[in-house]
Protein chains: 2
Amino acid sequence: MSARATDERSGAHSTHRAVPREKALTRQAEDYLKVIYEIEQGGSPAATTDIAEQLGIAAASVSGMLQRLARLGLVKVERYRGARLSASGRLIALQLIRRHRIIESFLVTKLGYGWDDVHEEAERLEHAASADLVDRMADALGNPTADPHGAPIPTVAGRVDERRLASIADLPVGARARVVRMSDRDPELLRYLKKRGIVPGAILRLVEREPFDGPISLTVGRAKQSIGATAAAAVYVEKSARTDR
Amino acid sequence: MSARATDERSGAHSTHRAVPREKALTRQAEDYLKVIYEIEQGGSPAATTDIAEQLGIAAASVSGMLQRLARLGLVKVERYRGARLSASGRLIALQLIRRHRIIESFLVTKLGYGWDDVHEEAERLEHAASADLVDRMADALGNPTADPHGAPIPTVAGRVDERRLASIADLPVGARARVVRMSDRDPELLRYLKKRGIVPGAILRLVEREPFDGPISLTVGRAKQSIGATAAAAVYVEKSARTDR
DNA sequence: ACAATAAGTTAGTACGCACTAACTTATTTC
DNA sequence: GAAATAAGTTAGTGCGTACTAACTTATTGT
């Protein structure tokens, strides 16, 4: 069993500690770190409102939590300017993302989940799975480097390919590209794209783009498709003059 | 992501509800239900102190939680007398136990965990795994009816063999018995017993018992062992005149 | 440049779930 | 059966994490 919630999280046990010893974070704190990481990948510090929106909570709640995370040394907050992860916060975020992606891979490969339907389950499990379990899953999968959506899996040490990929929405007309990766957020959207052959590995060519976020025409294999701007922005690609492998 | 803690647990959404609609319980509430179930298996209502001890928290905390669980219709509390699960509380407890045991089985069979070392991991995962995931695990295992420690796995509907088994400590001198099941609580103890050949399925015979909780001598296969009362109480057996199967 | 709007923060509240201290009820023992 | 002990409850507190309302700071548009 072993319950006990609040107090075993504080962890004041050593004689002195320069850096506050972060033993175990709450689910919530972990989620904050993850979304801050993801927002920061966009280039700028994570704004309160953006965090709030990602988490589906009120902005006021975020202000409070950011202060606590700052106290824990996990983020650096500049008032009215947003938050950035500290080195330790970043590590935690990356470990969570590692967990998430390995779990997704495992569920798809070993338990028959669809890759369009796995996000939510992983979202809960990533907070409950031990590092050991995640490593075992990774081993069972042959230590993959990307998850079913094409997202790179960070190493235990927190190393990961952070190159920013272009999305279909960024592609110039006429370009040929390979789908590398897609957002795992919205199962509906993923199913929609899958039905149209837009999956990691697919080769496509952008045929035409209407202005004002209008429909984007492209060929996938030899089928012609037309998708909207939101869908296009969720598909990350790599330009390829020639089909490599 | 999706955080939001307190409020999505209340679940007042329908026009009217005779029975309070229990949407999702907290981890803690679930743990309470589980230990109440287990204590109740002993025959009498779960006493506050017993619950507190199992959960490693103060008795006062239990009093409070019992009132909340009673408000939710999950337990019936008689003041100063202890708590019993209601039908719905019992169902939830059994589903948790189902999760726990399937997860343990999965970890052992599919991920190479030792059966002596799996309890803690399952303890966390059982609160995070969806019913769907658990069913998939069960399928992948061929829908086993007992976990690696020999404990029966409840069905989705909450049916389970609740016969009370005798432990080695209850066995009369000279009796021959088959180990059916052992407590999964203490990994140390399990390793100790495993090393002595005392595992589910083993056949043993009680040779001698010293009084005052003294050592119990028994043969396991053709080896002779002597174990203490605590260890003996953790091993559940079924008497067998003749070795069946 | 300054008003309008957007973004962010503080203050006050609530609930979950733990704690300790003090009190009450049950049980045991002489 | 009364005193001693054990078990259980209430009261008050603290922390995490959410909320709304009211206020402050930044940004934007004319």
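Convention: sequence-line order gives letters A, B, ...; per-chain numbering from 1.
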query = Going through the distances and angles, do E40(B) and R90(B) end up as a salt bridge (charged side-chain N to carboxylate O under 4.0 Å, His left out)?
reply = CA-CA 10 Å; E40(B) 267 196 281; R90(B) 206 183 114 87; over 6 Å; no
request  = Kindly indicate, with the supporting measurements, whether the criterion salt bridge (charged side-chain N to carboxylate O under 4.0 Å, His left out) is fulfilled by R99(B) and E30(B).
outcome  = CA-CA 12 Å; R99(B) 279 158 197 240; E30(B) 290 186 339; 5.9 Å; no
key: Trace of the salt bridge (charged side-chain N to carboxylate O under 4.0 Å, His left out) decision for D147(A) with R181(A)   = CA-CA 9 Å; D147(A) 79 2; R181(A) 162 173 182 195; over 6 Å; no
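When rounded to the nearest whole Å, the span between CD1 of I57(B) and C1' of dG16(C) equals 12 Å. Between the CZ atom of R27(B) and the P atom of dT17(D) there is a distance of 15 Å, given to the nearest Å. Atom P of nucleotide dC19(C) and atom CE of M65(B) are separated by 12 Å, given to the nearest angstrom. Straight-line distance from the CG atom of D31(B) to the C1' atom of dG16(C): 14 Å, rounded to whole Å. Separating the NE2 atom of H127(A) from the P atom of dT17(D) is a distance of 12 Å, rounded to the nearest angstrom. The separation between E53(A) atom CD and dA18(D) atom P is 16 Å, rounded to whole Å. At whole-Å resolution of the value, CD in Q28(A) and P in dC17(C) are 12 Å apart. Rounded to whole Å, atom P of dG16(C) lies 13 Å from atom CG of L74(B).
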Short heteroatom pairs, N/O only, protein and nucleotides 9-12 of chain D, under 3.5 Å:
| residue | atom | partner | partner atom | Å |
| --- | --- | --- | --- | --- |
| dT9(D) | OP1 | Y80(B) | N | 3.4 |
| dT9(D) | OP2 | T48(B) | OG1 | 2.9 |
| dT9(D) | OP2 | S63(B) | OG | 2.7 |
| dT9(D) | O3' | R79(B) | NH2 | 3.4 |
| dT10(D) | OP1 | R79(B) | NH2 | 3.2 |
| dT10(D) | OP2 | Q67(B) | NE2 | 2.7 |

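Listed for the S63(A) side chain is no donor-acceptor partner under 3.5 Å among the backbone atoms of T48(A).
Sorted by first then second residue, the ring pair (Phe, Tyr, Trp, His ring centres under 6.0 Å) pairs that include residues 57-103 of chain A, not counting sequence neighbours, are H100(A)-H119(A).
Annotation: side chain to side chain contact (heavy atoms under 4.5 Å, CB included) contacts of E53(A) (sequence neighbours excluded): none.
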